[in-house]
Amino acid sequence: MIIVDKIGKNFGEVQAVKDVSFTAKDGSITTLLGANGSGKSTTLRTVAALLRPDHGQVTVDGICVQQDPLGAQKLLGIFPDQFGLYTRLTAREHLEYYAELHGMSGAALENAVGEVVSLLHMEDILERRTEGFSQGQRMKVALARAILHKPKNIVLDEPTRGLDVMSIRMLRQILLELKAAGHCVLLSSHVMAEVEILSDHVVMIADGVVCADGTPADLVREAGQPNLEEAFVALTAAHGRTAA
Ligand SMILES: Nc1ncnc2c1ncn2[C@@H]1O[C@H](COP(=O)(O)OP(=O)(O)OP(=O)(O)O)[C@@H](O)[C@H]1O
């Protein structure tokens with residue numbers, strides 16, 4: 001479980017995140033939904049201990065990310081906004097390297113790599129260097145790297161960006177399987193259809209502030225709108241009027 005409590009983060013003059021709080025539960029998919037520049041990535045990077053907030057704190061399964069970033073990162077699988085693959089390494093070498101970073105070796109390492117390779121159907125790209133990989137192939141390596149140590153909590157920053165329909169369906173299926181296995185899945189998106197299909201809990205962010213949260217059905221009801229897209233427009237506009 002991930003608890004974000006009143007975090008804020010400035011970059012110089014830019015208030016990227018002003019006041020964000022929410023809880024992402026186990027066995028559930030929580031989605032941060034917001035427009036470009038609303039603060040989703042900054043929030044997720046704070047959860048992942050890649051950024052230190054100016055105020056507030058994040059706990060992951062009871063461990064405070066700010067006090068014990070390495071301890072929290074052991075409980076997290078992180079799928080970042082930039083894949084950051086090493087172009088000279090093969091997909092297998094990436095996975096083995098990350099498995100070693102997580103303290104695995106020998107048969108445990110081989111089993112962990114074998115499991116994610118089979119889960120993500122990566123057999124055909126395993127021995128290829130990642131240079132020149134398509135977006136879908138890069139997504140597979142990044143996702144495999146994020147989940148190979150079986151973290152209880154998985155954080156994904158816009159995981160479907162640039163993917164074709166079949167890759168999106170595969171990713172969606174894997175996220176649903178992780179949820180069914182009791183994992184806490186926290187992601188960001190601005191693709192309404194995807195959010196509506198996948199999310200148990202939606203946290204709407206506008207201008208660095210949470211303007212509404214609940215199930216997609218709750219939010220549609222709260223806004224009195226026919227669907228999540230219209231609800232998003234109405235709730236973020238209402239927030240803008242309140243903030244002005
Ligand atoms: N390292 C940084 N330095 C300066 N400004 C930053 C930095 N990171 C984020 N920002 C600014 O903070 C604000 C929030 O950015 P953030 O990336 O968190 O938004 P986002 O909701 O993830 O947007 P998108 O959907 O476009 O990825 C933006 O105005 C952005 O320009």
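We're numbering straight along the sequence, starting at 1. Each ligand, and each atom within it, is numbered from 1 in the order the structure gives. Since this is a predicted model, take the numbers as computed values, not measurements.
Scanning the protein heavy atoms around atom 17 (O) of ligand 1, the nearest turns out to be Ser41 CB, 3.6 Å. Of the protein's non-hydrogen atoms, Ala16 CB, 3.1 Å is the one closest to atom 12 (O) of ligand 1. At the top of the distance list for atom 27 (O) of ligand 1, counting protein heavy atoms only, stands Glu158 OE2, 3.5 Å. Scanning the protein for heavy atoms near atom 4 (C) of ligand 1, the closest one is Phe11 CB, 3.3 Å. The nearest heavy-atom contact from the protein to atom 18 (O) of ligand 1 is Thr42 OG1, 2.6 Å. Closest to atom 26 (O) of ligand 1, if we only count protein heavy atoms, is Asn36 ND2, 3.0 Å.
Test Glu194, Glu158, Arg161, Lys40 against Ser189 for side chain to side chain donor-acceptor pair (under 3.5 Å) and you get one pass: Glu194.
When the shell of 6.0 Å around CZ of Arg128 is examined, it contains more than 12 heavy atoms from other residues, nucleotides or ligands. Within 6.0 Å of the CE atom in Met1, the count of heavy atoms belonging to other residues, nucleotides or ligands does not exceed 12. The 12-atom threshold is not exceeded at CD of Glu131, counting heavy atoms of other residues, nucleotides or ligands nearer than 6.0 Å.
Of the heavy atoms in Ser188, none comes closer than 4.0 Å to ligand 1. At a heavy-atom distance under 4.0 Å, only side-chain atoms of Val14, from C-beta outward, approach ligand 1.
Counting the atoms of ligand 1 from 1 in the order shown, those under 4.0 Å from a heavy atom of Lys40 are 18 (O), 19 (O), 20 (P), 21 (O), 22 (O), 23 (O), 24 (P), 25 (O). Atoms of ligand 1 found under 4.0 Å from any heavy atom of Gly39, numbered from 1 in the order shown, are 14 (C), 18 (O), 19 (O), 20 (P), 21 (O). Near His190, with a cut-off below 4.0 Å to any heavy atom, the atoms of ligand 1 are 25 (O). For ligand 1, the atoms closer than 4.0 angstrom to any heavy atom of Ala35 are 21 (O). For ligand 1 and Ser38, the ligand atoms under 4.0 Å from any heavy atom of the residue are 19 (O), 20 (P), 21 (O).
The main-chain N or O of His121 is found under 3.5 Å from a side-chain atom of Lys140 such that the two form a donor-acceptor pair. Formation of a donor-acceptor pair under 3.5 Å by the Thr130 side chain with backbone atoms of Phe133 is not found in this model. Judged by distance alone, with hydrogens and angles left aside, the side-chain atoms of His55 form a donor-acceptor pair with the main-chain N or O of Lys6 at under 3.5 Å. Without hydrogens or angle criteria, Asn153 side chain to Leu75 main chain gives a donor-acceptor distance under 3.5 Å.
Summarising the geometry of Ser188 relative to Pro159, their closest heavy-atom pair is O-CD, 3.6 Å, with the distance given to 0.1 Å.
Counting only heavy atoms, the protein never gets under 4.0 Å from atom 31 (O) of ligand 1.
The pair Asp200-Lys179 counts as a salt bridge, with a side-chain nitrogen and a carboxylate oxygen less than 4.0 angstrom apart.
Between Gly37 and ligand 1, a contact under 3.5 Å exists for at least one N or O pair.
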